[in-house]
2 protein chains.
Amino acid sequence: MKATINDVAKLSGVSIKTVSRVMNNEPSVRQLTREKVQDAVKELNYQPNLAARNLAGTKSYTIAYVYDNPNAYYVIDMQEGILAACRQQGFELLINPCDSQQENITEEIISTIKHARVAGLVLTPPFSENPDFVKRITDLDIHVVRIMSGDAAPDELSPCVMVNDRDAAQTITQHLIDLGHNKIAFIAGEAEHMSTIERYKGYRRALKANNIDFNKNLLIEGEYSFESGVNGAKKLMSLDNSADDRPSAIFSCNDEIAAGALFAARLMNFNIPEQLSIAGFENSPFSRQTWPKLTTANQPNKEIAKNAASLLISQIRKQKSNHEISQYVPQLVVRDSTGKV
Amino acid sequence: MKATINDVAKLSGVSIKTVSRVMNNEPSVRQLTREKVQDAVKELNYQPNLAARNLAGTKSYTIAYVYDNPNAYYVIDMQEGILAACRQQGFELLINPCDSQQENITEEIISTIKHARVAGLVLTPPFSENPDFVKRITDLDIHVVRIMSGDAAPDELSPCVMVNDRDAAQTITQHLIDLGHNKIAFIAGEAEHMSTIERYKGYRRALKANNIDFNKNLLIEGEYSFESGVNGAKKLMSLDNSADDRPSAIFSCNDEIAAGALFAARLMNFNIPEQLSIAGFENSPFSRQTWPKLTTANQPNKEIAKNAASLLISQIRKQKSNHEISQYVPQLVVRDSTGKV
DNA sequence: TTAGAAAATGACAGCGCTGTCAATTGTTAA
DNA sequence: TTAACAATTGACAGCGCTGTCATTTTCTAA
C-alpha cells in the first residue's frame with residue numbers, strides 16, 4: 001500500500017541507507033545512483049515516514065509558526081502559506097498561538113520548541129521584531145526566518161523576508177498628492193511597530209518628494225485599532241480650517257484605523273471622498289465593507305509566507321535557497337474612499 | 001533529560017509494557033499498579049513520544065481539522081480550541097484548509113487522512129452539514145465530531161456539538177419586538193446552510209409567539225456577504241411605506257449582511273437606529289467596527305471547538321466522554337444598531 | 001485445599017528510519 | 001603498476017513505543 005524505504009531500495013537495487021542518503025540530500029552519493037533512486041521514489045510515490053524519521057534521527061522535520069496577532073485574516077494567510085511549503089517539502093507544522101505580552105512567554109516557547117524537537121521557526125510581528133527573542137532562539141541552534149517590515153534585514157541573526165511598507169506608503173501618499181491633496185494627515189499605529197515606522201517614513205518621503213512641508217499637527221500617534229482611528233480623525237477634523245491645519249486627506253496606518261476615521265468623519269458630517277479622502281493599508285476584508293470602500297495597499301501574504309517557510313526549510317536542510325524573492329512591496333488598491341480635492 | 005517509558009518503568013518497578021497499558025487506559029491493570037505508575041509519570045513529568053507511538057502502534061494519535069470557511073476569525077477560534085484539547089490529551093493536530101467546491105475534494109481529503117493516519121476529524125460547516133461526506137469518512141472507521149447549527153444531531157453518523165441558532169435568533173427577534181418593532185425583515189444567508197434555516201426558524205417563531213403576521217415581502221433570500229446585505233436592504237427600504245410594507249427593523253442572518261444593510265441604509269439616508277434598527281449575528285470583530293456598532297449574537301467558538309475535539313478524542317480512545325456540553329446557545333449582544341421604534 | 005479459569009504482567013520482536021562504522025570501489029600520484 | 005587515500009556504499013543496531021503471546025499471579029468453585 002504505502003511504499004517504504006525498503007521498497008525503494010529493492011526497486012533501485014541499492015541499500016536502504018543509500019536511499020536514505022538521497023532522501024536527505026546528503027553528499028557522497030554518485031550522480032548515477034542518485035538518479036536511480038529518485039526514479040524509484042517517483043515510481044512508487046514514496047514519501048518518508050515522518051514518525052520514523054523523527055524517532056530514528058537526531059534531525060527534526062518539524063517547523064513551528066509562533067504567532068500573536070489580532071488579525072485573523074493575516075494569521076490564516078500566513079499559516080496556509082507555511083502549510084503549503086511544509087507539504088511540498090515533507091515537513092510538519094506545529095502551530096503555536098500565544099500571547100507575546102505574557103510574562104514568561106519566551107521560556108514557554110523555548111520549552112515547547114524543545115519538547116516538540118522543532119527545527120525552525122517562522123516569525124511574524126511582533127515576534128519577528130524582537131531581536132532579543134530572536135537571539136534567544138537562534139542561540140539554541142534553532143533556525144529562524146522572520147517576516148517583517150522594511151527593505152533590508154536589520155541584522156544577521158536570521159534570514160528575513162521583508163515587506164517594503166515604506167515604498168508602498170510612499171505610493172499611497174503620492175496617490176493622494178496626485179489627487180490634489182497637500183494637507184495630508186497621518187494616523188500612526190503603535191510607535192514600536194516596525195510597520196508604523198516604515199509607513200510613516202514612506203509618507204514623509206512622499207511629502208518631501210513633492211515639496212510639501214510636514215505639519216506636525218497632522219501627525220496623530222495612535223494604535224492599530226478602530227477606536228484609535230475614530231479619535232484620531234475627530235482630533236484632525238476639529239483643527240482650524242482657516243489656520244490651514246485641517247487635512248483634506250488622511251492616510252491611516254492600517255484599514256482598521258481608516259475604518260475608524262471613516263466612522264468619525266461620518267459623525268462629523270464630512271462627505272467621503274468629496275470633503276475628505278481616507279486611505280488605509282493592508283487590504284483586509286473589511287476594507288471592502290466600509291462605506292465607501294477603502295483605498296488601501298495589498299500584500300500577498302500567503303505567497304510571502306510560503307516563501308519564508310521554504311527559505312527556512314532550505315536553511316534547515318543546509319541547501320542553498322533557490323533565489324527566492326526576499327522583498328515584497330505591497331501594491332496600491334484604489335477604491336472609493338479617496339478622490340480629487 | 002526527557003523521560004522515556006523506560007524511566008517510568010524502572011521508577012515504578014514494573015515492565016514498560018505495563019506502563020504502556022496505563023498510558024493507554026487499557027483495562028486489566030490492577031488499581032494499585034496503575035497508581036504506582038501514575039505517580040512515577042507525574043514525578044518524571046513523562047509524556048509519551050508521539051513519533052514512537054505512531055511508528056510502533058496501529059493506533060493513531062492525530063486528529064485533523066478540515067475546514068473551508070471564508071471567516072478567518074471563526075477558523076482561528078475553532079483551530080485554537082481544537083489545539084487546546086490536543087495539547088491536553090497528547091494528540092497532534094493536522095490542519096487541512098481546502099475548497100469544498102473542488103471537484104474531487106472528498107477523495108483528496110480521504111487520501112490525506114489515510115496518508116497521515118488520522119484517527120478523527122473535527123468538522124465545521126459546510127463539511128459538517130454534508131451527510132454524504134460524513135458518511136464517506138465514518139465508513140472508513142474514522143471518527144468524526146461535527147459542529148453544526150441546530151438543537152439535536154440530525155442523524156447517528158457521529159456525535160455532534162450543536163449550536164442552537166434558532167433559540168438565539170428568536171431572542172434577537174424578540175429583542176426587536178420588545179423595542180416596539182412589528183415590521184421586522186429578515187435577510188437570509190445561503191438557503192442551503194443550516195444556520196440560515198435555523199435562524200430563520202427562530203425569527204418566525206418569535207413572530208408567532210408575539211402574534212405578528214409574517215409578511216413575505218419582508219423576507220429576502222440572500223447570501224452571507226456584505227453585497228447581499230446592501231442589495232437586500234435597498235430592496236426592503238424601497239418598499240412602499242404606506243402599504244405598510246417597509247420594515248422598521250432588519251434582522252440580518254450574519255454581521256456581514258448587517259454591515260451591508262447598514263451601508264445601504266446610510267446611502268438611502270435612513271438614520272440608524274432612529275429610523276431603522278439592524279441586527280446581525282455572529283459577533284464578528286467588525287460588528288464592533290460599523291457605525292453604529294451592531295447588535296448581534298455571540299457564541300463561544302473556542303470553547304465549542306475545544307469541547308468538540310475533547311469529545312472526538314474520547315471517542316477515539318473509547319472512553320466515555322465526561323458529560324461535556326453538547327449544545328450551545330449564542331447570547332444576545334445589544335449594541336447601538338437597534339433602538340426603540 | 002486445589003484444579004482450572006481468569007486476570008495481570010512481562011519478554012520480545014519490530015514499526016521505518018537514521019547514525020555509526022566497516023567494507024567496497026574508485027582515484028591519484030609515485 | 002601499486003600503495004595510499006578518498007569516495008561511495010552497505011550491515012547493523014537501536015530510537016521509544018506497541019502488538020503478540022507466553023508466563024505468572026490471583027481468584028473461583030468444588
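FYI, side chains are in, hydrogens and waters are out, and symmetry mates aren't considered; it's all heavy atoms of this structure. Naming convention: chains lettered A, B, ... in sequence-line order (proteins, then strands); numbering from 1 in each chain.
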Let's go through Ile113(B) and Ile137(B) carefully: what are the C-alpha distance in whole Å and the side-chain angles of both, what is the deciding distance for side chain to side chain contact (heavy atoms under 4.5 Å, CB included) to 0.1 Å, and is it a yes or a no?
CA-CA 9 Å; Ile113(B) 287 173; Ile137(B) 306 291; 3.9 Å; yes

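- In this structure, Tyr73(A) has its ring center closer than 6.0 angstrom to the ring center of Tyr73(B).
- Look at CE on Met23(A): it is 9 Å from P on dC17(C), rounded to the nearest Å.
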Which protein N or O atoms sit under 3.5 Å from an N or O of nucleotides 19-25 of chain C?
unit_1	atom_1	unit_2	atom_2	d
dG19(C)	OP1	Thr58(A)	OG1	3.1
dG19(C)	OP2	Lys59(A)	NZ	3.4
dG19(C)	N7	Lys17(A)	NZ	2.7

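- Counting only N and O atoms by type, the side chains of Thr106(A) and Arg136(A) include no donor and acceptor under 3.5 Å apart.
- Comparing atom distances between the Asn24(A) side chain and each of dT18(C), dG10(C), dG16(D) picks out dT18(C) as nearest.
- The phosphate of dC15(C) has neither OP1 nor OP2 within less than 4.0 Å of any side-chain N or O from Thr4(A).
- Put simply, CD on Gln79(B) and OH on Tyr67(B) are 6.5 Å apart, with the number rounded to the nearest 0.5 Å.
- The CD1-P distance, from Ile16(B) to dC12(C), rounds to 11 Å in whole Å.
- Interatomic distance, Thr62(B) OG1 to Leu121(B) CG, rounded to the nearest 0.5 Å: 11.5 Å.
- Straight-line distance from the CG atom of Leu55(B) to the P atom of dT18(C): 12 Å, rounded to whole Å.
- Using a 4.0 Å heavy-atom distance criterion, Pro27(B) is classed as making no nucleic acid contact.
- Of the candidates dT9(D), dA11(C), dC15(D), the closest approach to any side-chain atom of Ser15(B) belongs to dA11(C).
- A straight line from CZ of Arg117(A) to C1' of dG16(D) spans 11 Å, rounded to a whole angstrom.
- The CG-P distance, from Asn6(B) to dA11(C), rounds to 11 Å in whole Å.
- Between the CG atom of Asn54(A) and the C1' atom of dG14(D) there is a distance of 16 Å, rounded to whole Å.
- Residue Ser20(A) has a polar side-chain atom (N or O) positioned under 4.0 Å from OP1 or OP2 of dT18(C).
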Taking N or O atoms only and anything under 3.5 Å, show me the protein contacts with nucleotides 5-7 of chain D, one pair per line.
none

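- Atom CZ of Arg53(B) is separated from atom P of dC15(D) by 19 Å (rounded to the nearest Å).
- Comparing Val19(B) and Val29(A) along DNA chain D, the residue whose closest nucleotide (by nearest heavy atom) sits nearer the 5' end is Val29(A).
- One atom, CG of Leu44(B), and another, C1' of dG16(D), lie 15 Å apart when rounded to the nearest Å.
- Within a 6.0 Å sphere centred on CD of Glu107(A), heavy atoms belonging to other residues, nucleotides or ligands number more than 12.
- Looking at Thr33(A), its side chain never comes within 3.5 Å of a backbone N or O of Val29(A) through a donor-acceptor pair.
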Chi angles and distances behind the side chain to side chain contact (heavy atoms under 4.5 Å, CB included) call for Ile304(A), Asn301(A):
CA-CA 5 Å; Ile304(A) 293 173; Asn301(A) 284 326; 4.3 Å; yes

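- Between Thr18(B) and dA8(C), a side-chain N or O to OP1/OP2 separation shorter than 4.0 Å is absent.
- Each of Asp68(B), Asn69(B), Asn130(B) was checked for a side chain to side chain donor-acceptor pair (under 3.5 Å) with Ser100(B), and the lone residue meeting it is Asp68(B).
- For dG16(D), neither phosphate oxygen OP1 nor OP2 lies less than 4.0 angstrom from any side-chain nitrogen or oxygen of Tyr61(B).
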Chi angles and distances behind the salt bridge (charged side-chain N to carboxylate O under 4.0 Å, His left out) call for Lys306(B), Asp77(B):
CA-CA 10 Å; Lys306(B) 187 174 173 194; Asp77(B) 278 352; over 6 Å; no

